[in-house]
Structure formats: C-alpha cells, structure tokens
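The structure under discussion appears below in the form of structure tokens.
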Amino acid sequence: MTEPSTQQPRRSPLPPTATATDTDSGGRSTVPLDSTAQLLTRVTAQLATQLSLVSRNGTRRPMHRTRPSDTPRLPAAPRPSPAEAAPPTLLVVAHGSRDPQAVRTVLALLDRVRDLRPGLDVRLGHIELNQPLLPDTLDGLRGADAVLVPLLLGRGHHVKHDLPAAAAAAPSVRTRIAAPLGPHPLLVEALYGRLVEAGWDPADEGGRRAAVVLAAAGSRDPDSAQDTRRTARMLAERLGGVPVVPAYASAATPTVPAALRALAARGRHRTFVASYFTAPGRFASAAASAAPRTAAVPLGAHPAMARLLLHRYDQALSATAPSEMVSLLASA
C-alpha cells in the first residue's frame, strides 16, 4: 500500500472565472472547488435572496416580488389604456324630395350635428326619391353599430313600418331605431325661431287678432295627427296663449286654406303659417302659397334641430332593452 501523496494540489491554469476541480491519483475529478472570493460571493448572494423572501413580521413574501439584491429597480412601464370603442353611427333617415333644396338643407343640418359632436360618424339615408337610399347606407355599414334617427316629425307609417323593415333587411348591421323628432320642446324652439324670422312680433303674443296655422304634411295614422296636435298646443304655450291650429297638406283635415278661413271668421286676421316640415318640398311650398303674408321657412338646419337629433340619438343608446325601444317608438 502506498501512502497518500503529501504534495499540494497544483493550481489550475483556468482563468479566475472558471471552476477548478480536485483530482485523485488517477487524474479523475472529485469535488468542485471555487476560490475563496467566489465562494463568499455566492454564499452572500444566496443569503440575500433568502432574506428577501421574509418580511419584517416574519411572513414569507410572494416570489414575484423578489429580485436579486444587486439588480437595480427600474420604474414600472405604464400600462396602455384600452382603446375606447367608437360610438355607433348616427344614421339620419330623411324622407326625400324632388326639390333640389331639400338635400342641401338636410346636408347643412348634418354639418351642424357634426360641429356639435366632433368625431361622431354621421350619415344620411333617404326613404325614397333621393340618394343615398337607406338600404345603400346600411349596406356600407356592415359589421358596425348604427342608430337610425328619423328626420320625421311624428309617428306614422315610415317610423312604424319602413324603418323597422329596413333594419331587419340589414342583419349585418346592429341597429337601433330612435323616436321621431316630435313632439319635443326643442322642436317648438325651432318653430318659434322660424316664425320670428318670418316677421312674428312678440307684441302679438296674447293679442286678439293674432293666430298661427301649424302646417304639416298629414298622415292617415291617428298617432301622427295626435303628435301634431300636441306640438300645436306646446307652440301655443310658447307664444303666450296665441291660438295655434294644426292643418295638413294631405291625408287629413283641415287643409291650410280652410284653417286660415276659420281663423279669419273668428276675427284672427293677423295669421302666420308655421312650416312644420324638416326641409323644402312640394307640401311646404303649397302651405306657404296659402299664407296671407310671408310664411315661415321649414325647420331645416336650425340649431335646435341639430340638438334634437343628438338628443334622440342619445336617448336610443340609453334604451338597451327591446321593450324600451318599443316605448320610444310609441311615445316621444
């Protein structure tokens, strides 16, 4: 038996960062050894890591909160805010007219709406006679959300049947249908403003000779006539009690000339015609021709009309349940 070698192990030629190994008499590797400095550094780092897992009260901290003691703490990157979804398109549904002034008037109204709410997608669709037709506008909104706001003044066939049918024929568009514009106080403000432009003198309010004929298109639907009568009552209140008589260009009575004659028979000779139309057209022209003096122009792009379109749009968005949508169509 040979005695163990008393020679000191040879210093490894490896660089300081490498790990040296001890060898036995046969040259085989035994236990890995580090330099004293490396060993102390490793022990210190491990101890710091273990201590960082324990809080001052002796409880163990979550692993995700720990970091090596020699790693600088960087400021947390700001979380990106989720992108807000674009609001539904406001799709104004106009009736349409052969009068070229009608489309220009409606487009001016839509510009007012865009000025009041920048960034809102506002589009136009016609029921008939003008481009773009409502089905074409809906076709361009595939996969989008839209609120159909009728540029119509009361309940009638178009609101109750044509608009729901058009929405049903465009299943790729998620649609809601807003209530018609009237009756509403903003509509009354627009009517009053147009009367003042036509020469209405506030001194006539309460006078015994003054009166107003509210000239509307007319409809066979009793709900439409009811809405027009309600608007007439609201306008009469706005005028300080001056009589306001609803009259119609078609489908209902009395006609505008008949209403003017009836008022004259009652001594109401200072009469004005309020044009209860959203834009120029054949019916508006016929009503104006019957007026004994200058008739008020259609409501058109009056500022109150733009505000009312947005009000109906917002109202439809807030009604989320189907029953609420039915209620909107049933009453303004």
Point to revise | Interatomic spacing from CG in Leu299 to CG in Leu181 - rounded to 0.5 Å | key: 9.0 Å
Practice item. Return the minimal non-hydrogen interatomic distance between Arg268 and Ala210, and the atom names on each side. Key: NH1-O, 2.9 Å
**Study point:** Residue pair Thr175 / Leu138, side-chain heavy-atom distance below 4.5 Å
**Key:** yes
Practice item. May I ask you to check whether over 12 heavy atoms, not counting those of Arg282, lie within 6.0 Å of atom CZ? Key: no
Review point. Side chains of Arg229 and Gln226: donor-acceptor distance under 3.5 Å anywhere?
Key: no
Point to revise | Contact summary for Ala274 and Leu191, nearest pair of heavy atoms | key: CB-CD2, 4.4 Å
Practice item. Could you check if a side-chain atom of Leu309 sits within less than 4.5 angstrom of a side-chain atom of Leu151, using non-hydrogen atoms only? Key: yes
Point to revise | The single option from Arg117, Arg307, Arg176 passing salt bridge (charged side-chain N to carboxylate O under 4.0 Å, His left out) against Asp314 | key: Arg117
Exercise for review: Check whether any side-chain heavy atom of Leu110 lies under 4.5 Å from a side-chain heavy atom of Val106, and answer yes or no.
Suggested key: yes
Exercise for review: Report yes or no: do Phe277 and Leu187 belong to one cluster of Ile/Leu/Val/Met/Phe/Trp/Tyr joined by side chain heavy-atom distances under 4.5 Å?
Suggested key: no
Review point. Is it the case that more than 12 heavy atoms not belonging to Arg114 sit under 6.0 Å from its CZ atom?
Key: yes
Study note, to complete from the structure: Heavy-atom nearest pair, Thr278 first then Pro298, reads C-CB, 4.3 Å
Point to revise | CZ on Arg98 to CD on Glu128, rounded to 0.5 Å | key: 7.5 Å
Practice item. Decide yes or no on side chain to side chain contact (heavy atoms under 4.5 Å, CB included) for Asp221 and His157, but give the supporting numbers first. Key: CA-CA 7 Å; Asp221 191 316; His157 183 81; 5.9 Å; no
Exercise for review: Hey, could you give me the CZ/CG distance between Arg112 and Leu109, rounded to the nearest 0.5 Å?
Suggested key: 8.5 Å
Practice item. For the pair His158 and His95, name the ring-plane relationship: parallel under 30°, tilted 30 to 60°, perpendicular over 60°. Key: perpendicular
Review point. What are the two closest heavy atoms between Ser97 and Ala102, and how far apart are they?
Key: CB-CB, 3.6 Å
Review point. Is the shortest heavy-atom distance from the side chain of His126 to the side chain of Val103 under 4.5 Å?
Key: yes
Review point. Which of parallel (below 30°), tilted (30 to 60°) and perpendicular (above 60°) describes Trp200 and Phe272?
Key: perpendicular
Practice item. Decide whether Thr231 and Tyr276 meet the rule of one side-chain donor and one side-chain acceptor closer than 3.5 Å. Key: yes
Enumerate donor-acceptor pairs with a distance under 3.5 Å from any side-chain N or O in residues 240-258 to protein atoms, sequence neighbours excluded.
{"unit_1": "Ser250", "atom_1": "OG", "unit_2": "Ala217", "atom_2": "O", "d": "3.0"}
{"unit_1": "Thr255", "atom_1": "OG1", "unit_2": "Ala258", "atom_2": "N", "d": "3.3"}

Review point. Tyr192 versus Pro202: any side-chain heavy-atom pair under 4.5 Å?
Key: yes
Practice item. Find out whether Leu310 and Leu120 are in side-chain contact, i.e. whether some heavy atom of one side chain is under 4.5 Å from a heavy atom of the other. Key: yes
Practice item. Applying side chain to side chain contact (heavy atoms under 4.5 Å, CB included), run through Asp201 and Arg270 and close with a yes or a no. Key: CA-CA 11 Å; Asp201 188 349; Arg270 185 170 170 76; 4.1 Å; yes
Review point. Would you call Arg230-Asp227 a salt bridge at under 4.0 Å N-O?
Key: no
Under 3.5 Å, which donor-acceptor pairs link side chains of residues 142-149 to any protein atom two or more places apart or in another chain?
{"unit_1": "Arg142", "atom_1": "NE", "unit_2": "Asp139", "atom_2": "OD1", "d": "2.8"}
{"unit_1": "Arg142", "atom_1": "NH2", "unit_2": "Asp139", "atom_2": "OD1", "d": "2.6"}
{"unit_1": "Asp145", "atom_1": "OD1", "unit_2": "Arg174", "atom_2": "NE", "d": "2.9"}
{"unit_1": "Asp145", "atom_1": "OD2", "unit_2": "Arg174", "atom_2": "NE", "d": "3.4"}
{"unit_1": "Asp145", "atom_1": "OD2", "unit_2": "Arg174", "atom_2": "NH2", "d": "3.1"}

Review point. Does any N or O in the side chain of Arg209 come within less than 3.5 Å of the main-chain N or O of Gly267, such that one atom is a donor and the other an acceptor?
Key: no
Practice item. Please name the pair of heavy atoms, one in Pro150 and one in Leu163, separated by the smallest distance, quoted to 0.1 Å. Key: CB-CD2, 3.8 Å
Check your understanding: Can you tell me how far the NE2 atom of His184 sits from the NE2 atom of His311, to the nearest 0.5 Å?
Key -> 3.5 Å
Review point. Could you walk me through whether Leu91 and Val173 pass the side chain to side chain contact (heavy atoms under 4.5 Å, CB included) check?
Key: CA-CA 12 Å; Leu91 175 48; Val173 184; over 6 Å; no
Point to revise | Under-4.0 Å salt bridge between Asp223 and Lys160 | key: yes
Check your understanding: Under the 3.5 angstrom rule, does the side chain of Thr228 hit a backbone N or O of Ser224 as a donor-acceptor pair?
Key -> yes
Point to revise | Interatomic spacing from CG in Asp99 to CZ in Arg104 - rounded to 0.5 Å | key: 8.0 Å
Point to revise | Thr137 to Leu124 - nearest heavy-atom pair and separation | key: OG1-O, 2.8 Å
Review point. Can you find a heavy atom in the side chain of Val93 that is under 4.5 Å from one in the side chain of Ile177?
Key: no
